[in-house]
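Following: one structure in structure tokens, then a few remarks.
None of the values given here were measured: they were computed from a predicted structure. What's counted below: heavy atoms across the whole structure, side chains too, no hydrogens, waters or symmetry copies. Proteins come first, then strands; the chains are lettered A, B, ... in the order of their sequence lines, and each starts at number 1.
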Amino acid sequence: MKIATFNVNGVKARLPELLDWLREAAPDVAALQEIKSVDEGFPREAVEDLGYHVETHGQKGFNGVALLSKRPFEEVRRGLPGDESDAQARWIEGVVIAEGEGEGKAVRVCGLYLPNGNPAPGPKFEYKLGWMDRLAARAREILAAEEIAVLAGDYNVIPQPEDAKRPDAWREDALFRPESRAAWRRLVHLGLTDAWRALRADPGYTFWDYQAGAWGRDDGIRIDHALLTPQAADRLRDCGVDRAARAREKPSDHAPMWVELAL
DNA sequence: ATGCCTAACACCGTTAGA
């Protein structure tokens, strides 16, 4: 089962590129971030025509997440628990039953768009760190359930210096500040596996700024991640970044990242 | 030290992204 995450930077502006990628990469499940659309504005029919079930959690103007799956969703939850006053659409999770011999295996897929947090310090940075605390709390519950689960999305965290072409340029940035990286480590150390870090030694950048020719110089950062519960990590077979999506004429500034689980 | 791009909203610029 192939599970992918893709920050599309506007699903309406990115529709042809999204559809081409879905056809070529053919993920079984895809988590989308920054759909920048309300639920009613999501181009649902075009995606359904490719054989996907669609679940959205959108808002007006910015943020917004969605889950796509070739198999129907058994259960969907919208919004990260822990703060009733949080109106930002950054979390959606669902369960799909993997195809296979005998009884199918249930896989929980959580799609997340972690706050950017700039400028730091400041209220946006505090929101980011608070959101990461709530993420850890939800991760603890998921780990306790001992499920096959994947937490995939735009984490807006550069975990380590080797995850940036120019780490010194990011030292003061909310994506790389010590507080953000410490919160990332607290999350992973609950018992999750960073799929890329587990399988690969090469950089695995997933974001290149539109500005200053970052893509042409491969001046990227690795901020889109898939974290796996032990039950999922046991089944991890492969992972990748679809760099071809970033090389297109009208790309998102992120490339899709995916994991393949043996199910 | 700042802008460099891009998308959305709603205007003919501002906010947000990272």
Quickly work out the [X] [atom1] to [N] [atom2] distance and round it to whole Å.
X      : N      : atom1 : atom2 : result
A:N9   : B:dA18 : CG    : C1'   : 11 Å
A:D253 : B:dA16 : CG    : C1'   : 12 Å
A:D224 : B:dG17 : CG    : C1'   : 13 Å
A:L114 : B:dA16 : CG    : C1'   : 16 Å
A:K36  : B:dA10 : NZ    : C1'   : 15 Å
A:H254 : B:dT6  : NE2   : P     : 14 Å
A:F62  : B:dT6  : CZ    : C1'   : 16 Å

Pick the nucleotide of DNA chain B nearest each of A:I35 and A:G213; which residue has the one closer to the 5' end?
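In this pair, the answer is A:G213.
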Pairwise [atom1] distance for [N] and [M], with rounding to whole Å:
N      : M      : atom1 : value
B:dG13 : B:dA1  : C1'   : 23 Å
B:dC9  : B:dC4  : P     : 23 Å
B:dA16 : B:dC11 : P     : 16 Å
B:dA8  : B:dC12 : C1'   : 15 Å
B:dA10 : B:dT15 : P     : 14 Å

Can you list every pair that meets ring pair (Phe, Tyr, Trp, His ring centres under 6.0 Å) and has a residue in residues 13-55 of chain A, with sequence neighbours left out?
A:F6-A:W21
B:dA18 phosphate, OP1 or OP2, under 4.0 Å from A:N7 side-chain N/O:
yes
With a cut-off of less than 4.0 Å, is there a side-chain N or O of A:K124 near OP1 or OP2 of B:dG17?
yes
N-O pairing of A:E93 and A:R108 below 4.0 Å:
yes
Taking A:D202 for the side chain and A:G204 for the main chain, is one N or O donor matched with an acceptor at less than 3.5 Å?
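Not a single qualifying donor-acceptor pair exists.
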Please work out which of the three classes, parallel, tilted or perpendicular, describes the rings of A:W215 and A:W208, given edges at 30° and 60°.
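The rings of A:W208 and A:W215 stand perpendicular, inter-plane angle above 60°.
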